[in-house]
Amino acid sequence: MQLFDTNQFQQDLLAWYRSEKRDLPWRRENDPYRIWVSEIMLQQTKVDTVIPYYERFMNDFPTLQALAEAPEEKVLKAWEGLGYYSRARNLHAAVKEVQSHYGGRVPDSEKEIHQLKGVGPYTAGAVLSIAYQVPAPAVDGNVMRVLSRLFSMYDDITKASTRKMFEEIIRDIISEEDPSSFNQALMELGAVICTPTSPGCLLCPVADHCRASAEGVQELLPVKPKKKAPKTVHLQSLVLSSEDAVLVEKRPEKGLLANLWQFPMLADGEPEAMWTNYAKQRDGTVRNLTYVAHIRHVFSHLVWEIDVYKAEGSISSPEERQAWMTEAQMDEAAFPVSHQKIREEVQSSSSDR
DNA sequence: TATACGTGGCT
DNA sequence: TAGCCAAGTAT
């Protein structure tokens with residue numbers, strides 16, 4: 001059996017990366033703020049999905065200062081549809097922290113950057129290595145898949161202890177001359193060659209170094225237990241119109257879809273009684289209650305089954321976080337995809353009559 | 001350590 | 001279709 005040749009591995013990996021790397025927007029930048037934003041957006045999100053959001057975000061908030069000074073509603077609107085919205089709120093809070101506590105300069109030490117909201121072990125290493133050429137590990141799902149195969153390791157990659165072990169391995173084999181390219185090359189390899197299913201070992205620049213490939217077990221790795229089925233919740237939502245406005249409410253500031261807007265939503269029940277009572281409690285009325293459509297929205301851990309209704313009416317005593325919005329105002333507010341679907345269903349239900 | 005936290009694309 | 005997967009973090 002032969003030992004792993006770190007120098008040769010680095011050379012083969014980096015040569016491949018320098019000639020084959022994709023031309024991505026954030027690879028044209030060296031601004032730590034911009035690298036940071038890209039890394040937050042890329043968490044659990046595909047490159048192709050991120051690119052248009054990144055371009056718009058950089059247009060809206062070109063500098064750390066611009067983001068720090070922006071109202072949260074604008075930031076959430078820019079994030080609308082990207083998912084994991086706490087990323088946006090944490091990034092916003094962290095940028096304000098950098099502005100006030102670090103004079104606007106993104107910190108370059110592991111300890112300081114890791115203390116920022118939304119910056120975990122992966123993002124800390126990614127920003128430090130890519131923006132500052134600090135030889136810190138940036139171990140994401142790609143890297144764990146690549147390393148599992150490279151060394152034919154059957155450790156469960158969903159465990160934090162496994163990630164830490166991989167971080168130590170990276171500290172041993174990272175290129176000190178170009179940590180940025182080394183970390184990105186490992187991720188790039190995982191994204192385009194060493195894919196979860198049907199990895200392209202014949203095209204792999206480091207196949208000669210790969211134990212799983214030699215053993216023919218690459219399809220068995222990495223080891224990752226399957227997750228359980230999401231729970232289903234049955235709901236009703238009401239699009240209540242008055243003149244040219246619609247009743248909407250801002251979701252709670254913590255938890256699922258925090259601080260995003262939605263149409264009033266209740267646990268499933270008898271529609272007429274439920275919404276009549278809903279209006280009555282707020283000194284209002286509903287009339288012409290009409291069923292519109294059924295919508296299924298699948299989250300990673302939850303399924304919403306929503307019966308959508310529309311009605312006309314009024315509410316004299318709206319709650320603290322409720323508001324009447326025109327179509328134009330709704331265009332400026334951030335709604336989750338589930339409620340964008342509802343809005344579309346109601347619009348098409350009224351237009352085809 | 002286990003679970004909450006979004007969305008869209010692919011098999 | 002149902003399940004899986006993606007440049008993870010917070011609690």
Side-chain angles (χ1 to χ4, degrees), chain A residues 21-22 24-27 35-54 76 79-91 93-94 113-131 137-146 156-164 166-167 170 180 182-192 194-199 219 222 224-233 251-252 254-260 262 296-304 334-341:
Chain A
K21 67 180 176 187
R22 291 169 291 177
L24 305 175
W26 45 90
R27 286 187 177 157
I35 301 299
W36 180 11
V37 171
S38 74
E39 290 302 337
I40 300 296
M41 287 189 171
L42 285 162
Q43 289 170 6
Q44 299 289 285
T45 311
K46 303 246 200 235
V47 165
D48 288 345
T49 301
V50 167
I51 289 174
Y53 280 90
Y54 179 80
L76 283 176
W79 213 270
E80 182 185 61
L82 240 198
Y84 285 147
Y85 299 95
S86 65
R87 291 183 295 175
R89 298 189 306 120
N90 286 337
L91 172 63
I113 200 166
H114 193 275
Q115 284 173 353
L116 297 171
K117 282 187 182 176
V119 178
Y122 162 76
T123 305
V127 174
L128 289 176
S129 62
I130 297 171
V139 175
D140 71 337
N142 286 310
V143 174
M144 290 198 283
R145 183 171 59 256
V146 169
D156 177 356
I157 65 165
T158 66
K159 292 187 176 302
S161 57
T162 302
R163 194 206 70 240
K164 286 177 185 171
F166 283 140
E167 285 171 351
I170 293 298
S180 167
F182 183 89
N183 280 340
Q184 293 189 77
L186 241 25
M187 294 189 273
E188 185 88 352
L189 189 67
V192 304
C194 197
T195 48
T197 59
S198 312
E219 299 269 14
K224 192 177 182 180
K226 35 183 124 178
K227 37 192 163 186
K228 40 186 182 181
K231 290 181 180 175
T232 300
V233 181
R251 291 180 56 85
K254 293 201 174 206
L256 183 65
L257 306 171
N259 281 357
L260 270 66
Q262 67 175 14
R296 163 183 297 207
H297 190 76
V298 181
F299 298 91
S300 47
H301 62 302
L302 194 65
V303 179
W304 276 357
F335 286 81
V337 170
S338 52
H339 284 254
Q340 294 169 21
K341 289 184 195 169

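In what follows, every heavy atom counts, from backbone to side chain, and hydrogens, waters and symmetry copies are set aside. In the text below, chain A, chain B and the rest are named by the order of the sequence lines, each starting its count at 1.
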Problem - Atom-to-atom span, CH2 of A:Trp79 to P of B:dT7 - whole angstrom - result: 13 Å
Exercise for the section: Determine: side-chain N/O of A:Lys224 to OP1/OP2 of C:dA6, distance under 4.0 Å, yes or no. Expected result: yes
Fill in the blank from the handout: Of the candidates C:dG8, C:dT9, C:dC5, the side chain of A:Pro196 sits closest to C:dC5
Exercise for the section: For the residue pair A:Glu80 and A:Tyr85, confirm or rule out a side-chain donor-acceptor distance under 3.5 Å. Expected result: no
Handout entry: Residue pair A:Tyr54 / A:Leu42, side-chain heavy-atom distance below 4.5 Å
Key = no
Exercise for the section: May I have the distance from A:Lys46 (atom NZ) to B:dG9 (atom C1'), rounded to whole angstrom? Expected result: 7 Å
Problem - Base B:dG8 to side chain A:Thr49, donor-acceptor N/O within 3.5 Å cut-off - result: no
Exercise for the section: Round to the nearest Å and state the distance from A:Gln44 atom CD to B:dT3 atom C1'. Expected result: 14 Å
Handout entry: Option from A:Gln43, A:His114, A:Glu39 for which side chain to side chain donor-acceptor pair (under 3.5 Å) with A:Thr123 holds
Key = A:Gln43
Exercise for the section: Give the intermediate values and the outcome of side-chain contact (heavy atoms from CB on, under 4.5 Å) for residues A:Ile51 and A:Trp26. Expected result: CA-CA 9 Å; A:Ile51 289 174; A:Trp26 45 90; 3.9 Å; yes
Exercise for the section: Ignoring backbone atoms, establish whether A:Lys227 has a side-chain N or O less than 4.0 Å from OP1 or OP2 of C:dC5. Expected result: no
Fill in the blank from the handout: Taken to the nearest whole Å, CG/A:Asp48 to C1'/B:dG8 is 11 Å
Completion exercise
note: A:Trp36, atom CH2; C:dG8, atom P; distance rounded to Å ~ 18 Å
Handout entry: Closest-nucleotide ordering on DNA chain C, the 5'-leading residue of A:Glu39 and A:Gly118
Key = A:Glu39
Handout entry: A:Thr123 side-chain N/O to C:dT9 phosphate OP1/OP2 under 4.0 Å
Key = yes
Practice task
Kindly give the heavy-atom pair with the smallest separation between A:Ile113 and A:Ala124, and that separation in Å.
Solution key: CG2-CB, 3.6 Å
Exercise for the section: Nearest whole angstrom, please: distance from the P of B:dA2 to the CD1 of A:Ile157. Expected result: 15 Å
Handout entry: Phosphate OP1/OP2 of B:dT7 contacted by A:His297 side-chain N/O (<4.0 Å)
Key = yes
Exercise for the section: Identify, between A:Lys117 and A:Ala191, the residue whose nearest nucleotide on DNA chain C lies closer to the 5' end. Expected result: A:Ala191
Exercise for the section: Looking only at side-chain atoms of A:Lys159, point me to the closest of C:dT9, B:dA2, B:dG6. Expected result: B:dA2
Handout entry: Side-chain-base donor-acceptor pair under 3.5 Å for A:Thr45 and B:dG6
Key = yes
Practice task
Measure distances between side-chain N and O atoms of A:Tyr84 and base N and O atoms of B:dG6, and say whether any donor-acceptor pair falls under 3.5 Å.
Solution key: yes
Handout entry: A:His301 side chain near B:dA4 phosphate (N/O to OP1/OP2, under 4.0 Å)
Key = no
